[in-house]
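See below for the structure under consideration.
We count ligands from 1, going down the list as the structure has it; atoms in each ligand are counted the same way. These values consider heavy atoms only, across backbone and side chains, with no hydrogens, waters or symmetry-generated copies. Starting from 1, each residue takes its place in the sequence as its number.
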Amino acid sequence: MQEIYEAIKRSAIRIREAIEFDDTGYSENINSTGDTQLKLDIKSDLIIEEEFAKVASIKEIVSEEKADKTPLHVNGIYGVGYDPLDGSSLIDVNLSVGSIFGIYEGGYAGKHLKAAVYVVYGPRVELVIAEVDVKMYRLNKRGEFVFIKVIQLGEKGKLNAPGSTQMCWEPKHKALIDAIFADGYRLRYSGGMVPDLHQILLKGGGLFSYPATSDLPKGKLRMIFEVFPFAFVYEKAGGAAIDGKGRVLDLTPSHPHDTTPCFFGSTTEIERVRKCYE
Ligand code: FDP
């Protein structure tokens, strides 16, 4: 597993440089979800593929930017699902973006996840690795990721990050979000899943939601590349992640790009979502 983390660190340093200095415009390609790819989406994907190709324990990779799985090493053990540049619609306005990785063994269901990693490209580069617990590292001047702390969520937080378009919410979802704000929670939402979930983790707790909506009845966020890795992080940090009914880590996608409604947070907020949705 360690050599996978090292490959992610090398990728993160290269992607950071591309974010800072490369062209932030669109390419002419459309990915399998129908999004027009940024040149940076394509470059970040290639960087990660190059770095993972050096790691013998990786059997195959599946990227948000590719239609299907790519085999790497026949004798490898792990499948890595990743979103090379999440939140890329924020690149042109210079807000934080991230990379997300799920390390799977035996298939791409939530139950097969062995570790999850994400990188935040903000004013500083931070890397979070969840395996037994959740450890945060920060990139220093010498290009090393220095351990900062173990991340642990409180039972109840103060932040609310309600995703998607309000006019498409179900009435019960709107009532839930209104009630949470009425209880004094503060709005903290940038539109980038990685910095939004990172903020809730570091500020002790709260709720991030991306529900089923009238335009996207199965939600927007992808299980293998986004939802499972963050669900793993949240559970290991003492929080929870559900699709409205059950744990998202109990789900099995039938296609690499399948999406699900999702709610991540401290246990108190997730219990509140469960009661509202049941
Ligand atoms: P983006 O489309 O900018 O890549 O899954 C991608 C994501 O961003 C998440 O990072 C973010 O939470 C979500 O989509 C925001 O989506 P909408 O603005 O379409 O609601």
From CA spacing to verdict: ring pair (Phe, Tyr, Trp, His ring centres under 6.0 Å), F264, Y234: CA-CA 7 Å; F264 304 86; Y234 268 64; 5.7 Å; yes
Ring pair (Phe, Tyr, Trp, His ring centres under 6.0 Å) assessment of F145 paired with Y5: CA-CA 11 Å; F145 281 91; Y5 299 151; over 10 Å; no
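Note on ligand 1: S88 sits in its first shell, one or more heavy atoms being nearer than 4.0 Å.
Evaluated for a side chain to side chain donor-acceptor pair (under 3.5 Å) with Y118, the options E226, H198, E126 yield exactly one hit, H198.
Set against the non-hydrogen atoms of S164, the atoms of ligand 1 under 4.0 Å away are 20 (O). Against a heavy-atom cut-off of under 4.0 Å, D86 is close to the following atoms of ligand 1: 5 (O), 6 (C), 9 (C), 10 (O). Contact atoms of ligand 1 toward E226: 5 (O), 6 (C) (distance under 4.0 Å to a heavy atom of the residue). The K220 neighbourhood of ligand 1 comprises atoms 2 (O), 7 (C), 13 (C), 14 (O), 15 (C), 16 (O), 17 (P), 19 (O), with distances under 4.0 Å to a heavy atom of that residue.
Every side-chain hydrogen bond (donor to acceptor under 3.5 Å, both in side chains) that Y185 has, sequence neighbours left out, goes to K156, E269. Among residues two or more places apart in sequence or in another chain, the ring-ring contact (aromatic ring centres under 6.0 Å, His included) test is passed with H112 by none.
Note that atom 17 (P) of ligand 1 has protein non-hydrogen atoms nearby, at separations under 4.0 angstrom.
Which of G87, G219, G191, S89 comes nearest to atom 11 (C) of ligand 1 through a heavy atom is settled by distance: it is G191. Distances from atom 12 (O) of ligand 1 to the heavy atoms of R222, M193, E64 put M193 nearest.
Shortest contact from atom 20 (O) of ligand 1 to any protein heavy atom: Y210 OH, 2.7 Å.
Only the side chain of L221 comes within contact range of ligand 1, with a heavy atom under 4.0 Å; no backbone atom does.
In summary, K59 and E105 do not engage in a salt bridge, as defined by a charged side-chain N under 4.0 Å from a carboxylate O.
Here the side chain of T165 pairs no donor or acceptor atom with the backbone of M167 at under 3.5 angstrom.
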